[in-house]
Every structure is written in C-alpha cells, then in structure tokens.
Asks: 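One structure coming up, written as structure tokens, with questions to follow.
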Amino acid sequence: MSPTRRKFLCGFGGVALVSVSSKYANSHYQHLDQNHRDVLSVLDDLVVQPECARVIGKQYLHQYPHEADVATLIGLILQNSPRPLSNDYDGAGMTSVSQISRNIRNDFAVGQIVVVDGWYLSKTEARICSIYCFENN
Amino acid sequence: MFIDGRSVADGTEVECDICVVGAGVAGVTIARELSGGSQNVCLVESGGLQHDTETQALYKGSNTGYPYYDLDVLRLRYFGGSGNHWGGVCRPLDEIDFSYRDWIPDSGWPIDRADLDPYYAKAHEVCRLGDYAYSVDELETPGSSRLAFDAQLVESTVFRHSSTTPFGAIYQEEIKSAKNIHAYLHSNVLEFETNVEGSSVTRIEVGTLHGSRFGVRSKIFILATGAIENARLMLTSDTTAKYGIGNDYGHVGRNFMEHVSMVGAMFMPWESENSLDIYAYNENHNGIAALTIPAEIQQEQETLNICANLVPSSIAAGLKSVAPGIVASVIELRTDRSWKNLGKHIKRISSNLDDVALHSYRQIFRARSSDRQYQLVYQMEQAPNPESRVTLGADKDALGMRRSEVKWAFGELERNTLRKTNEIIAKAAGKAALGRLWEVPDAGDSGWPPGVRGAWHQMGTTRMSRDPKKGVVDMNCKVHGLANLYVAGSSVFPTSGCSGPTLSIVALALRLANFVSDNLRIG
C-alpha cells in the first residue's frame with residue numbers, strides 16, 4: 001500500500017490499513033461466499049489484537065445470542081453498505097474500511113450503540129469484535 | 001467599624017435598621033450594598049478577622065446520610081466565611097434551572113433568570129470575574145479549541161474563575177470604614193426572638209465564647225450564615241414556635257442539596273492536534289470550558305442539569321504516587337485553598353481510575369488517536385429531596401446550642417442522569433468521530449462509580465416558593481409568616497443547577513439588599 005493511500009484512510013475514518021492476512025479456514029467460515037470472505041479480510045485491517053476483540057465480542061454475544069453466527073454478523077455489518085467490500089478504491093473513491101467507518105458513525109447518529117466492558121461502541125464495532133470469537137475454534 | 005462583641009457590656013441592647021447575621025459572601029455583599037446609605041446596619045459575625053480553632057469548632061456536627069465532609073472542615077467561620085476558601089469558579093444558573101420540569105419533583109423557582117440578569121453583571125464585579133461574558137471563543141487558541149460536537153447534542157460552555165483572594169480580605173477595609181455599618185465580631189447569634197404572635201422578629205440574642213450576652217433589635221433581619229447554619233438557627237429558635245421559626249409546614253432544613261460530583265467516564269479523543277486545554281484549569285486564563293447538555297435534550301431525556309470538565313488523565317496518573325482518597329484531599333484543603341490546588345485535589349481523588357483497561361480500545365481497533373485520555377469530571381444538579389436534610393442533633397456546642405446533623409441523600413434521578421449523560425456524550429462523540437467513551441464501573445453494588453462526592457456547595461434547606469406550604473421564603477427571600485425576616489444565600493435555592501452557587505448567591509444578595517433598602521425608604 002502506498003503511503004499516500006494510508007494517509008488518506010487514516011484521515012477519513014479514524015482507521016488505517018495494514019497487510020491483509022487470512023486466518024479463516026475453519027468450519028465456521030467454509031459456507032461463506034466470496035463477498036463474505038472479503039469482509040473478513042477487511043476486518044483484519046480494522047482490528048489490531050484479535051484476542052482483545054474476542055473479549056468484547058464474547059460479552060456482546062452474551063447480550064445478543066441470536067447474532068452468534070458468522071454469516072449473521074457479517075450480514076448485519078454489511079446491512080448499510082451498498083457496495084461489495086474490498087480493499088481497493090471503489091468508483092466513489094471509498095474503500096471498504098471507510099465504508100465501515102461510515103457505518104460506525106451512522107450507528108452513533110441513530111443510537112445503534114451498545115455498552116460492552118464499559119465501552120460505548122457502535123453495534124458495528126461490537127459485531128466486528130464478535131466475529132473473532134469464531135476464529136480458530 | 002468593627003466591634004469586638006466580647007467587649008460589649010453584658011446585657012447591652014443594640015438598635016439598628018437592618019441586622020445582617022453572618023459576614024460570609026452573602027452577608028458582606030449585602031452590607032457593602034447598604035454601605036453609605038441612610039440605614040443603620042449591624043453585621044453580626046461569629047468569628048473574628050482570622051480563623052480561630054475555638055470558633056471554628058462551633059461548626060462541628062454529624063453526617064448520617066451519604067458520606068459527606070466534616071461539617072467543621074466544609075465551612076469557615078470568620079469574617080468572609082467560606083468565601084475565604086472558595087474555588088472562584090463561577091457561572092450564572094441556566095434558564096432551565098428556574099423552570100418547572102415535570103420530571104423533577106418540586107422544581108421551579110418563583111423568579112426566572114431575567115429577574116437575576118441585572119444583578120449577575122454586578123455580581124461579576126463583586127466576585128472580581130472581569131467582564132460579564134461567557135464566550136468559548138475567547139478561550140480558544142490555535143492549539144486548543146472546543147470539541148466539534150453537534151451543538152444540539154452537547155455544548156461547550158464557559159465557567160469563569162476569579163482570583164483566589166479570600167473574600168474577607170478583599171472587603172474588610174470597606175466594611176470597616178463604612179460609617180453606617182457596625183460589624184460585631186466574635187458575636188454568635190443564639191436565637192431569633194419573635195413577638196407573642198410569632199409574626200415578626202423583635203430581637204436576636206447574641207452570645208460570646210467569653211460568656212457575655214447582648215441583644216440586637218432591628219426593623220429588618222437578614223439571615224446569611226450558609227445553608228446548614230441558616231437552617232440550624234431557624235430550627236433552634238423555638239421559644240415561640242415549637243418547631244422553629246418559619247417552619248409551620250416543616251420545610252426548614254429539608255431539601256438539602258449538593259452538586260453530585262464524580263469521575264463518571266473516560267474520554268479517548270481521536271484528534272491528536274487539539275490539546276483540549278481549554279477544558280482544564282490554566283492560571284493564565286480567566287475561564288474554563290465544560291461540556292453541558294442543551295435544555296432540549298435534558299427535557300427529552302428527563303435528566304438533571306450537568307456539566308463535565310475534561311481532566312487529562314496523564315496528569316492524574318502522575319499523581320498516583322500520592323495517596324488517593326477524599327480524606328487526604330479534604331485535610332489538605334483546610335490549609336491549602338487555592339483554586340489551582342483544588343483542581344489538583346480533584347485529580348488526586350479520581351486518579352485511581354486511570355489505566356483501568358483504558359488502552360483496550362486501542363488494542364482492538366486501529367484508532368488514530370494519540371495516547372491521550374481524559375477523565376470526565378461531572379458536576380451534577382441534585383434533585384430536591386425532602387429526605388435530604390439538616391436537623392438538630394443531640395450534642396451541643398460550647399454555647400449550649402444543638403449541633404447540626406446532615407443527612408445527604410440522592411437517588412434514582414441522579415443515577416439516571418449519569419447514565420444518560422454518558423450515553424448522550426458517547427453518541428455525539430461517535431457521530432462526530434471525536435472519540436470514544438468508557439464509563440467508570442460502579443463500586444460494588446452501590447450503583448455509583450467510586451469517589452462520588454459533594455462539591456462543597458451546600459444549598460436548599462430554606463427553599464424559595466410562592467406557596468408557604470411548599471417553601472420557607474417567598475420570591476423576595478422573606479420568610480413566609482414573618483414580616484421582617486429575610487434569608488440570603490444558597491439555602492433559598494429551590495433547585496441547584498450545575499453551576500457553582502457563589503455568583504447566584506451574590507446576585508440574590510444584591511437583589512435582596514435593594515429590596516429591603518427600598519422597602520425601608522418607602523416605610
């Protein structure tokens with residue numbers, strides 16, 4: 001990724017991209033279509049330490065057990081994202097990460113927030129954390 | 001002139017037109033306003049010109065409710081009163097503070113903000129606050145500006161602060177040289193005596209710690225000894241009124257209020273260039289910004305009024321080596337009363353909240369925030385609560401008067417306000433991409449975060465109301481049912497707002513001084 005691109009992303013939504021890694025090979029993910037698998041890659045760009053995300057995710061799923069499924073969580077994360085997610089610019093000059101950042105801000109604007117471990121998080125943030133609960137299980 | 005009450009011959013009867021009891025912020029303000037006029041004014045003060053232990057001990061009492069400060073530490077009993085250790089942070093009450101709010105029982109003043117506005121400007125001069133202006137623009141610098149919240153959700157407001165010169169020292173010479181003012185020092189009011197019908201005060205009985213007694217007779221009496229002592233003196237004056245003067249409906253001492261204060265949340269800002277210094281004390285500025293919630297949102301969410309300062313937690317963390325806790329800070333405040341250090345004490349009290357998983361958000365998400373975080377130090381209005389009250393205890397002081405007993409109580413409305421305010425700020429911060437909020441967890445099963453405390457602001461106890469059945473004084477601060485007794489100070493506040501009370505105490509005192517002076521002139 002070019003330094004310019006990184007700077008742009010940092011400036012847009014409060015997040016930065018790093019190298020993409022793929023760790024989603026277990027049974028929780030095998031039934032997902034390609035678009036969903038792309039989402040998982042994007043989440044790796046958002047999250048620094050999956051083990052910390054899991055702590056939040058576990059508590060969130062305890063509050064919302066009906067969302068405890070990877071496909072459901074991804075569907076909810078994408079529900080306000082009209083374009084397929086990827087780490088390349090789309091026609092509007094947005095990336096998937098910036099789309100998700102926009103969704104997060106929108107969550108706060110419309111009151112879609114949740115308190116987990118003391119943090120006031122957007123539901124999108126909490127759902128992103130929850131996906132890591134299924135990693136390497 | 002100053003007169004040492006201990007030198008007044010036993011049995012002397014002093015006569016005057018207006019007798020002001022208590023030379024604290026309210027009493028001194030009233031005396032100054034009456035200075036140079038045609039009325040003969042007596043100012044009766046328990047202490048001398050300096051702190052002395054024996055007189056201060058008359059303030060000892062007990063606390064039976066939510067943990068509160070020692071009553072003899074909380075207040076100062078000498079010329080200038082608690083104005084000798086005030087923090088100097090001022091702001092007028094908001095318009096909504098005067099309104100009836102149907103979600104807050106017993107809210108609403110019989111006057112509104114417009115009634116006090118003319119006096120607020122003058123009160124600014126009395127408190128040495130500079131121009132009567134409250135614009136955040138003045139505080140902003142290129143490196144430090146207000147947080148860009150949607151102003152319909154969260155506002156930034158200004159609190160002005162005065163120099164820390166003790167009130168008594170500022171105005172001592174002026175009172176001393178006023179020809180129509182006789183200030184009796186070391187003179188303790190023991191009782192307000194009334195006529196047989198109990199319809200007007202005829203005399204006060206004054207005692208000294210040397211054992212002498214004298215009386216003061218006056219056309220008008222103004223009680224200005226602070227919210228706790230005002231109630232105590234009215235309750236203890238029970239010769240003609242069994243339950244104390246002005247207490248026909250049992251309101252004297254009730255609705256004791258404080259500003260419920262605590263570190264309620266931590267704020268982690270996204271923006272690293274903005275220092276947010278305008279939200280913290282700076283001795284070079286005469287104002288501090290604070291976050292407040294607009295009236296419309298308070299109404300929608302049915303919350304109390306509240307404000308929040310942002311204290312950088314790196315400063316608080318630096319104080320970790322110092323023993324935390326309220327007690328240590330209270331003890332230090334007895335001898336160290338500058339505003340600057342008051343801020344330090346607040347930080348110390350709350351420093352133990354730092355580093356509690358605060359980096360966890362950064363460990364999860366790639367936030368662009370720097371490593372800064374801020375404590376949201378809330379100062380919250382307390383809802384009127386008749387069970388929060390000042391009564392007379394069984395113990396007696398050196399003058400034989402029953403000591404005060406304070407039961408500080410607050411409850412669900414305050415708790416809801418904390419929770420909802422955290423949520424309001426968190427939503428607004430997320431919406432504007434300003435940062436994230438982490439709420440401080442409750443201490444055990446208390447329902448409150450640790451370190452909830454008062455702000456050294458005692459209010460209520462002789463609340464203002466048009467209806468004698470619902471309050472102690474009327475809209476002019478005259479005690480219902482008594483023709484010539486008035487009350488000054490924050491004891492008359494029906495509700496407290498979230499601003500420190502001093503500016504409003506002074507504004508109300510100026511208004512009262514004008515009212516009684518005009519009334520006497522008219523006859």
Side-chain angles (χ1 to χ4, degrees), chain A residues 6-20 42-60 97-98 100-133, chain B residues 148-150 152-154 263-273 297 300-301 353-371 373 375-376 418-443 449-450:
Chain A
R6 184 187 298 274
K7 189 176 178 184
F8 171 76
L9 294 171
C10 284
F12 186 85
V15 290
L17 289 179
V18 293
S19 62
V20 175
V42 170
L43 299 191
D44 273 359
D45 293 341
L46 287 164
V47 171
V48 183
Q49 294 185 25
E51 63 272 23
C52 294
R54 264 182 232 116
V55 174
I56 296 288
K58 192 174 175 184
Q59 291 183 40
Y60 176 76
V97 170
S98 57
I100 290 179
S101 295
R102 185 194 56 190
N103 290 352
I104 289 170
R105 287 179 67 164
N106 189 56
D107 278 354
F108 281 107
V110 300
Q112 285 291 308
I113 64 167
V114 62
V115 183
V116 186
D117 203 27
W119 287 103
Y120 284 83
L121 301 175
S122 76
K123 282 205 164 184
T124 299
E125 287 173 311
R127 286 164 178 153
I128 289 169
C129 291
S130 300
I131 284 180
Y132 286 86
C133 294
Chain B
F149 286 107
D150 177 345
Q152 290 184 324
L153 300 175
V154 177
V263 178
M266 301 294 294
F267 175 63
M268 191 176 70
W270 274 191
E271 181 62 61
S272 55
E273 284 78 30
I297 301 292
E300 177 191 297
Q301 296 293 319
L353 295 169
D354 287 343
D355 300 334
V356 185
L358 286 175
H359 292 289
S360 63
Y361 189 92
R362 293 189 188 95
Q363 288 168 347
I364 300 167
F365 294 105
R366 290 185 195 284
R368 67 171 165 171
S369 64
S370 61
D371 59 354
Q373 56 215 15
Q375 296 176 344
L376 281 185
L418 171 63
R419 300 271 150 72
K420 288 181 177 177
T421 303
N422 276 343
E423 189 176 321
I424 292 163
I425 296 176
K427 281 182 187 171
K431 180 186 173 190
L434 294 172
R436 291 290 179 273
L437 213 71
W438 179 79
E439 71 177 5
V440 176
D442 292 346

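Every chain is numbered from 1, with letters handed out A, B, ... down the list of sequences.
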Asks: Drop me the distance from A/N106's CG to B/K431's NZ, to the nearest 0.5 angstrom.
Replies: 10.0 Å
Asks: Go through the atoms of B/N422 and report whether side chain, backbone, both or neither lie under 4.5 Å from a heavy atom of chain A.
Replies: both
Asks: Indicate the atoms forming the closest heavy-atom contact of A/F108 with B/K427, along with that distance.
Replies: CB-O, 3.5 Å
Asks: Side chain, backbone, both or neither: which part of B/A432 has a non-hydrogen atom closer than 4.5 Å to chain A?
Replies: backbone
Asks: May I ask you to test the B/R436-A/Y120 pair for a side-chain heavy-atom distance under 4.5 Å?
Replies: no
Asks: With a 4.5 angstrom heavy-atom cut-off, which part of A/V115 approaches chain B: side chain, backbone, both or neither?
Replies: side chain
Asks: Under a 3.5 Å distance rule, please check whether B/W438 uses its side chain to pair with a backbone N or O of A/D117 as donor and acceptor.
Replies: yes
